[in-house]
Structure formats: C-alpha cells, structure tokens
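Below is one structure; the comments refer to it alone.
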Amino acid sequence: MSPDLTITDVRLTPILVADPPLLNTQGVHQPYTPRLIVEVVTADGTTGVGETYGDTKYLELARPFAEKLTGRQVSDLNGLFTIADEVSVDSSRISGQVDVGGLRGVQTADKLRLSVVSAFEVACLDALGKALGLPVHALLGGKVRDAVEYSAYLFYKWADHPEGVAAEKDDWGAAVDPAGVVEQARRFKERYGFTSFKLKGGVFPPDEEIAAVRALAEAFPGHPLRLDPNGAWSVATSLKVAEEIGGILEYLEDPALGTPAMAEVAAKTDVPLATNMCVTTFAEIKEAFTKDAVQVVLSDHHYWGGLRNTQQLAAICRTFGVGVSMHSNTHLGISLTAMTHVASTVPNLHHACDSHYPWQSEDVLTERLTFTDGKLAVSDAPGLGVELDRDKLAFLHRRWLDDDGALRERDDAAAMRVAEPDWVTPPVPRW
C-alpha cells in the first residue's frame, strides 16, 4: 500500500540558541540567536524537519505559508514556489534594511521568501525520503561522495559577552590578535580535524588581519586559507591585501562590496575572489559572471530557496567555469545535515564548505553531528537521517517565549552597543 503523502499538519517552532561573542564588521553576535524549526506531517504520520532564520520577518512569512501547505502533497516541491508568490511581504519591515544576519546586502521580499521556502523544501524532502525509504541525497539524484569536507570557521572573538549580559559560557577563550587566532585554529584542528581555515575579517585594520593570516600560514603550512572581510574594504585596500598575502590564500572572499567593485579588484589581481554577498540570487549571476567579478560562488540553500536550487546554481557555475562551495550562517544540525546531503550530490564542489556548527553548543537533535578528519559523513538513512529531540526543542522554544523581544531579531550592532554605547555600524568601505 502506497503511503499517503498528503500534508495534514505543519508545526513552526521559533527558538533561541546560544551564540558566542564572535566579531564581524557589523558588530558582535548576540548571546542568543533566533532560528525557526519547521515540521511537516503527512497523513500516514511521517514527519519531516527543516530549519531557517528565526527573526520575526521570517516567522511572519512562514505562518501563512504553513496554512497554504496543508492539504498538498509532500512531493509537490515545485508548488512551494507558487505558494511563496502568494504570500505577501510587509515591505515596511525590509525597506532599505541590510541583512545583518547573512551579510548579503539589501533585503528584498524575494530573498525573504526564498529563505522561508528553503526550510519547507528540506522538511518536505525529509518526509518524502522517510516515506519512500530513501535518503535525501537519493531524491536529489544520488551522492558522488560519501563524506563532505568542511573548513574551520575562525572568528575574532571576545572571551565572554559583555558583563551583565545573560549568556552561556564557552571554553574557546578570546581571539583578538594573531596569536589568539592561531590558538583557535589549533583547537579546531585538534577537535575536528579541519585542514583548511577561514578567518572572518573586516574587524580590525587590514594590516592586523594580514598578520593573522601570515601567522596561520606559518603555523599550518600547506593548509588552504581564506579571508572574508564582508565587503569592508575599498578596491585599493583589497588590491593591497591581495598583493601582500594573495600567494597564501585559497581565495579572498568579498573584499569589496558589490559586483562592480569586485570586478575592479578581479581585473587587477590573480587571487581568486569568492562571494556570498554579490551573487545570492539567480538574477545577480549574469552581471557577476560576464564581468568576471567572482571565481567562486558560496552557495547557501537558505538564500537560494532550497537544495534543488542549490544544485541548479552549481550547474550554472560549472557551465561558466566558476568554482562553487558553501556559505554558512549560525545554524543547527538540521541545516548542516541538509547542506551535507546536497553537497554530496554536486560534482564540481572543489572547496571545503563553511560551517558555524562547531560554535553552536546547543542543538535540537537527539545526537550531535560529528566531524571526522574535517569531514561529515553523508547519511544513507531515510530522509535527512536525523531525529528531533522534543525536550531540547521545547527548552529552546521556552527561551524564545520568555524573551522580551530584544533577542528575537538578530542585530550585531545592537549587541556591540552593550559593550560600546557609541557604536555605529561603520560605513562601507570601512578601510
């Protein structure tokens, strides 16, 4: 008897998860960050899970989306985009705002919709895989690798959140100079076996970050290195950095803001440029590729509307000879597992993927995902191959319910103002 794949229920659970005081050009991470857990339930009792951003603007889109999903087939993945087109977006919430969570430029209604669609698509694929007894990667055409390589994601970091701020403790310590960055990298390597390192820059003057990269190259010879200042530099500064340390970089990620500036940098250096800021929608591909502004696109299934769109992006990159890897934001195990499934199906994935997961001390899964030699094994279990821990989910949801609203929106600048009351997000270019 065939399973009944009709969606009968959709559950949305906003949560707050602990986040360390990681620094970027916008400010610092808040002590807790919002995520949204999506569950779709079919008539035969199968439940699929997905995850995306949990800020109010995403939750407000997810609620009417969930209502329209009931009664549809869990296999109707293309229909998810039709539903998205029917859900209105309050433009007053996003007009002129910059996406400080993903640092991917100005927010748009379409970008918000795609980030919501991504969670529902993953949840539907999870449920469909469970119903059919197939892993998600099989639903995507089959894996071409049994494990996916990830890179250590290094951050300048305070030892603790500002005094007086309620927060979870971590054992990473501070990293505000080259020695601290190297020690952080050493612990990443010892704990998880990572063999490549990415440093989130744009925090200190470029010379200080150049020194940190050089220190990493000396401490870990032969290990691929990346530097990402999130568009904080001018074209001239970008070229200066490329000249000084380009020879030890695998790629330089978003040194300058926007495709025209990136194209200007690319025209004057042989250092590969990567992006998750100027190519985040299909409409942005043409200009970036025809101007040769980027040589590596860092995909993100949350940005692009799911796993199948991520495959389409990878195919376009392969057509134009552009490299592809994966961007990461603060995420839990559901998103990391989804990333791993789709990454396993992409033939032209030649760079280790990013992941914040080692920074997250909390999760909603019954078992924490484990990196071995810097890689994550691809699950062959039905669906995503993960299971929700109801108690953990309820605990993190209770934290969200108990919050007065201050932490339900990610705002790195607001978090920085707790420590530095006069902090204003620096204009771009910062240097």
Side-chain angles (χ1 to χ4, degrees), residues 38 48-53 58 77-81 84 99 101-102 104 110-126 128-129 134-145 147-151 253 274-286 288-289 294-329 331-357 376 378-379 383-386:
V38 172
V49 296
E51 174 193 344
T52 191
Y53 304 102
Y58 298 100
L77 302 177
N78 289 333
L80 298 176
F81 295 92
D99 181 355
R104 55 171 164 161
D110 285 341
K111 287 181 179 180
L112 291 181
R113 289 192 183 99
L114 288 171
S115 293
V116 171
V117 168
S118 69
F120 286 97
E121 190 220 46
V122 169
C124 286
L125 283 168
D126 184 33
L128 182 60
L134 295 171
V136 165
H137 65 75
L139 301 179
L140 298 173
K143 62 182 179 178
V144 296
R145 56 182 63 87
V148 173
E149 184 178 3
Y150 286 86
S151 179
E253 180 180 340
T275 188
N276 73 277
M277 295 181 70
C278 61
V279 180
T280 61
T281 65
F282 287 104
E284 293 168 333
I285 290 176
K286 181 178 179 179
F289 286 12
V294 298
Q295 289 71 54
V296 181
V297 171
L298 305 180
S299 64
D300 186 320
H301 71 274
H302 305 93
Y303 289 9
W304 293 86
L307 309 187
R308 297 178 309 136
N309 274 8
T310 300
Q311 287 183 309
Q312 291 182 31
L313 169 64
I316 295 172
C317 288
R318 182 168 54 184
T319 300
F320 284 87
V322 173
V324 66
S325 187
M326 288 193 177
H327 162 263
S328 163
N329 198 358
H331 62 233
L332 301 180
I334 297 172
S335 282
L336 179 57
T337 303
M339 288 172 62
T340 302
H341 273 277
V342 69
S344 77
T345 71
V346 176
N348 52 316
L349 186 77
H350 301 310
H351 303 276
C353 301
D354 297 342
S355 177
H356 279 68
Y357 190 70
L376 202 63
V378 183
S379 173
L384 290 173
V386 298

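Predicted model only: the values in this text are computed from it and were never measured. Computation of the quantities below employed the complete heavy-atom set of this structure, encompassing side-chain atoms and omitting hydrogens, waters and symmetry-equivalent molecules.
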Any donor and acceptor pair, going by atom type alone, linking the side chain of S115 with main-chain N or O of H302 inside 3.5 Å?
yes
Could you walk me through whether V296 and V324 pass the side chain to side chain contact (heavy atoms under 4.5 Å, CB included) test, one step at a time?
CA-CA 5 Å; V296 181; V324 66; 5.9 Å; no
Any chance you could measure D300, atom CG, to M339, atom CE, to the nearest 0.5 Å?
7.0 Å
Verdict with reasoning, N329 to Y53, per side chain to side chain contact (heavy atoms under 4.5 Å, CB included):
CA-CA 9 Å; N329 198 358; Y53 304 102; 3.1 Å; yes
For T310 versus S299, what's the shortest heavy-atom pair and its separation?
CG2-OG, 3.7 Å
Where does the angle between the aromatic ring planes of W304 and F282 fall among parallel (under 30°), tilted (30 to 60°) and perpendicular (over 60°)?
perpendicular
Is there a side-chain contact between V342 and R308, using heavy atoms and a 4.5 Å cut-off?
no
Can you find a heavy atom in the side chain of Y303 that is under 4.5 Å from one in the side chain of H327?
yes
For R145 against V346, the heavy-atom pair lying closest together:
NH1-O, 2.8 Å
Distance, nearest 0.5 Å, that separates CG of L80 from CG of L114:
11.5 Å
Looking only at non-hydrogen atoms, find the nearest pair between L349 and S325 and report the distance.
CD1-CA, 3.5 Å
Any side-chain heavy atom of S379 within less than 4.5 Å of one from T337?
no
Please check if any side-chain donor atom of S328 sits under 3.5 Å from a side-chain acceptor atom of H356, or the reverse.
yes
Might you point out which heavy atoms bring S118 and H301 nearest each other, and give the distance in Å?
CB-O, 3.1 Å
Donor-acceptor pair between S355 and H331 side chains, under 3.5 angstrom:
yes
Taking every non-hydrogen atom, the tightest pair across L384 and V122
CD1-CG1, 3.8 Å
Return yes if some donor-acceptor pair links the side-chain N/O of E51 with the main-chain N/O of V38 below 3.5 Å, else return no.
no
Shortest non-hydrogen contact from N276 to L298?
CB-O, 3.8 Å
Under 3.5 Å donor-acceptor, R318 side chain and G323 backbone:
no
Just how far is it from atom OH of Y150 to atom CG of L376, taken to the nearest 0.5 Å?
5.5 Å
Indicate whether any N or O donor in one side chain lies under 3.5 Å from an N or O acceptor in the other, for S335 and Y357.
no
Reported CD-to-SG distance for the pair Q312 and C317, which is rounded to 0.5 angstrom:
12.0 Å
Does T281 reach the side chain of D110, with side-chain heavy atoms less than 4.5 Å apart?
no
Would a distance-only check, ignoring hydrogens and angles, find a side-chain to backbone donor-acceptor pair under 3.5 Å from T52 to A119?
no
Check: T280 main-chain N/O paired with E284 side-chain donor or acceptor under 3.5 Å:
yes
Given side chains that start at C-beta, do those of T345 and Q311 come closer than 4.5 Å, heavy atoms only?
yes
Under 3.5 Å, is there a donor-acceptor pair between the side chain of H341 and the main chain of H137?
yes
How long is the straight-line distance from CG of L139 back to CG of D126, given to the nearest 0.5 Å?
9.5 Å
Within the structure provided, determine whether I285 and I316 are in side-chain contact (heavy-atom separation under 4.5 Å).
yes
Is the shortest heavy-atom distance from the side chain of S344 to the side chain of V144 under 4.5 Å?
no
